[in-house]
Trainee: 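Sharing a structure, written as structure tokens. Questions coming.
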There are 2 protein chains.
Amino acid sequence: MAKAARKTSTGTDQSNGQIQPKTARGEATRKAILSAAERVIGERGFNEASIGHITSEAGVAQGTFYIYFKSKDEVFSELVLEMGRLVRRALSEATQNIENRLDAEKAGLTAFLEFIRAHPDLYRIIQEALFVDPEAYHAYYHTFAEGYRSGLEAAVKAGQIKPGDADTRAWALMGISRSLGERAVIWGDKTPVEDVVETAHDLIVNGLKP
Amino acid sequence: MAKAARKTSTGTDQSNGQIQPKTARGEATRKAILSAAERVIGERGFNEASIGHITSEAGVAQGTFYIYFKSKDEVFSELVLEMGRLVRRALSEATQNIENRLDAEKAGLTAFLEFIRAHPDLYRIIQEALFVDPEAYHAYYHTFAEGYRSGLEAAVKAGQIKPGDADTRAWALMGISRSLGERAVIWGDKTPVEDVVETAHDLIVNGLKP
DNA sequence: GACAAATATGAATACTGATTCATGTTTCAG
DNA sequence: CTGAAACATGAATCAGTATTCATATTTGTC
């Protein structure tokens, strides 16, 4: 409900809406706040995480927050964007020179599970974005879905997988990753990534039929 | 943050914590509030949904809310519980006299997708439970996972599906349903349930391999 | 038809927490 | 050096809203 904040800082307010520090000192403070926000919001959830919690975790005064971020919502949105970038990078790096789709599927699932086990806070933030920043949530999942879909279509054309509705398959496969990720991150399941991937990949490649 | 409310109503405070109306009139009011809460919280999310929004949607005064519910959290928890009961009933009815696991898988997916298309608000409420009522969220998913797991194990024993880690498979399959449900409910995808099920079931049974 | 229990009301309370602001302190170009 | 821009502070503001409460009204029972 907060109104859009008026510009408080002396930092440049870029076209993307971000407030950019002018000095190395400012840069460091901004990063400290962003990183504190990731931890605090990831742990307590958006609504239980107060600006006070975030700034005290970052070791700065409350007002300092508003030198670098227009609002609590804005820092959240930035975290969602960052999460998207990081996951996409991790996945594209893991799969970049794998020509076969089924192999890429396996490498991608492994990379995804490893990434989110390393960044549990970010995982929870994405989930909460459905309510706090629906646009960012939409962008996050649809960007993945689109890439997935076109990859599957290409694989069908190349005869690497059997034909089938690529969009539905894309969402189904994303769902598998997401759910297995959640089992690990939210529920603390300790099954080794390798074992999880083995089972899931066999399901994806061969299905359940005897 | 709210402290546990003191008993305000004259209604019996049951061992389960629910406040039960004594008359048909009270019963009707309670239902009206619960149903309004489902719509309002489903649409606006827990934090944006105020007691005022809920009571005005229900057509009662603000104070009336506290005759039937101890707190805003409590009405939310009750919605999550109700959602779990409804989905489980829909699924068990849809699959009760299907002996083959792969057929049951198909019927279950169909029933699930139809159910959540009919109850989009409840779907969003479950998602938000991760933050508002983690215990209820845990119970919701783990109850499903457990049933799923034992069903898969039985199917392996019966030779209906190939062997494989039942727990990981259970979470993967839940993830497929959830993701396809989300595509429909949150993103408004209009692909007919039948077509979605066909594609997904083929993936589940046969996998992607050509 | 009268009394007690149950239900309903909505204004008042109480508290939380995001955002602002007046006032320092630090940095750095010239 | 030195002054202006940048950065930092934290107490005060301000709004929203969950919850309570004193006060009706309705219902069912004798």
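Numbers restart at 1 for each chain; the letters A, B, ... are given by sequence-line order, proteins then strands.
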Trainee: Nearest to the side chain of B:Ala61, heavy atoms from C-beta on, is which of C:dA18, C:dG10, C:dT7?
Mentor: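 Selected nucleotide (nearest to the side chain): C:dG10.
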Trainee: Is the shortest distance from a Lys or Arg side-chain nitrogen in B:Arg39 or B:Asp121 to a carboxylate oxygen in the other one below 4.0 Å?
Mentor: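 Result for this pair is no, no salt bridge flagged.
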Trainee: Report yes if the distance between the aromatic ring centroids of B:His119 and B:Phe115 is under 6.0 Å, otherwise no.
Mentor: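 Yes, the ring of B:His119 comes within the 6.0 Å limit of the ring of B:Phe115, centre to centre.
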Trainee: Verify the contact: side-chain N or O of A:Arg25 to OP1 or OP2 of D:dA8, cut-off strictly under 4.0 Å; return yes or no.
Mentor: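 For D:dA8, OP1 or OP2 has a side-chain N or O of A:Arg25 closer than 4.0 Å.
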Trainee: Check every atom of C:dT19, D:dC7, D:dT27 against the side chain of A:Pro21 and return the nucleotide holding the closest atom.
Mentor: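 Nearest listed nucleotide: D:dC7.
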Trainee: Are the charged groups of B:Arg124 and B:Glu128 less than 4.0 angstrom apart, N to O?
Mentor: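 Between B:Glu128 and B:Arg124 there is no salt bridge, as every charged N stays at least 4.0 Å from the carboxylate O atoms.
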Trainee: Between A:Arg178 and A:Glu182, does at least one N-O distance fall below 4.0 Å, as a salt bridge requires?
Mentor: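 Not counted as a salt bridge, because no side-chain N and carboxylate O are separated by less than 4.0 Å.
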Trainee: Rounded to whole Å, please give me the gap between CZ in A:Phe65 and C1' in D:dC7.
Mentor: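 About 16 Å, once rounded to whole Å.
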Trainee: To the nearest angstrom, how far is B:Lys22 atom NZ from D:dT26 atom P?
Mentor: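 It is 22 Å, rounded to the nearest whole Å.
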Trainee: Could you tell me how far apart A:Arg30 (CZ) and D:dA8 (C1') are, to the nearest whole angstrom?
Mentor: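 My rounded result for the distance is 16 Å.
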Trainee: Toward the 5' end of DNA chain D, which comes first, B:Gly63 or B:Ala24, by nearest nucleotide?
Mentor: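 On the 5' side of the pair lies B:Gly63.
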Trainee: Output the rounded distance in Å from CD1 (B:Ile67) to P (D:dT26).
Mentor: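 B:Ile67 atom CD1 is separated from D:dT26 atom P by 14 Å.
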Trainee: Nearest to the B:Gln62 side chain among C:dT19, D:dT9, D:dT19, which nucleotide is it?
Mentor: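 Selected nucleotide (nearest to the side chain): D:dT19.
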Trainee: DNA chain C: A:Ser50 or A:Thr64, which has the more 5' nearest nucleotide?
Mentor: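 On the 5' side of the pair lies A:Ser50.
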Trainee: Taking only side-chain nitrogens and oxygens of B:Tyr66, does any of them come within less than 4.0 Å of OP1 or OP2 of D:dT20?
Mentor: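 For D:dT20, neither OP1 nor OP2 has a side-chain N or O of B:Tyr66 closer than 4.0 Å.
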Trainee: A:Tyr68 side chain: which of D:dA6, D:dA8, C:dT19 is closest?
Mentor: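 Nearest listed nucleotide: D:dA8.
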Trainee: Whole-Å distance between D:dA18 P and A:Asn47 CG?
Mentor: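 Rounding to the nearest Å, CG of A:Asn47 and P of D:dA18 are 11 Å apart.
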Trainee: For the pair made of CG in B:Asp73 and C1' in D:dA18, what is the distance, rounded to whole Å?
Mentor: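 Atom CG in B:Asp73 sits about 10 Å away from atom C1' in D:dA18.
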Trainee: In terms of side-chain geometry, is the basic nitrogen of B:Arg30 or B:Glu78 positioned less than 4.0 Å from the acidic oxygen of its partner?
Mentor: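 Judged by the 4.0 Å cut-off on N to carboxylate O distance, B:Arg30 and B:Glu78 do form a salt bridge.
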Trainee: If you compare every side-chain N and O of B:Thr29 against the phosphate oxygens of C:dA8 (OP1, OP2), does one of them come in below 4.0 Å?
Mentor: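 So the side-chain polar atoms of B:Thr29 do come within 4.0 Å of the phosphate oxygens OP1 or OP2 of C:dA8, strictly under.
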Trainee: Rounded to whole Å, please give me the gap between NZ in A:Lys72 and C1' in C:dT16.
Mentor: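 Rounded to the whole Å, the gap is 11 Å.
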Trainee: Compare the minimum distances between each of D:dC7, C:dT7, C:dT19 and the side chain of A:Ser71, then state the nucleotide with the smallest one.
Mentor: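 In terms of side-chain proximity for A:Ser71, the closest of D:dC7, C:dT7, C:dT19 is C:dT19.
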Trainee: Once you round it to whole Å, what is the distance between P of C:dT7 and CD of B:Gln20?
Mentor: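 Answer to the nearest Å: 11 Å.
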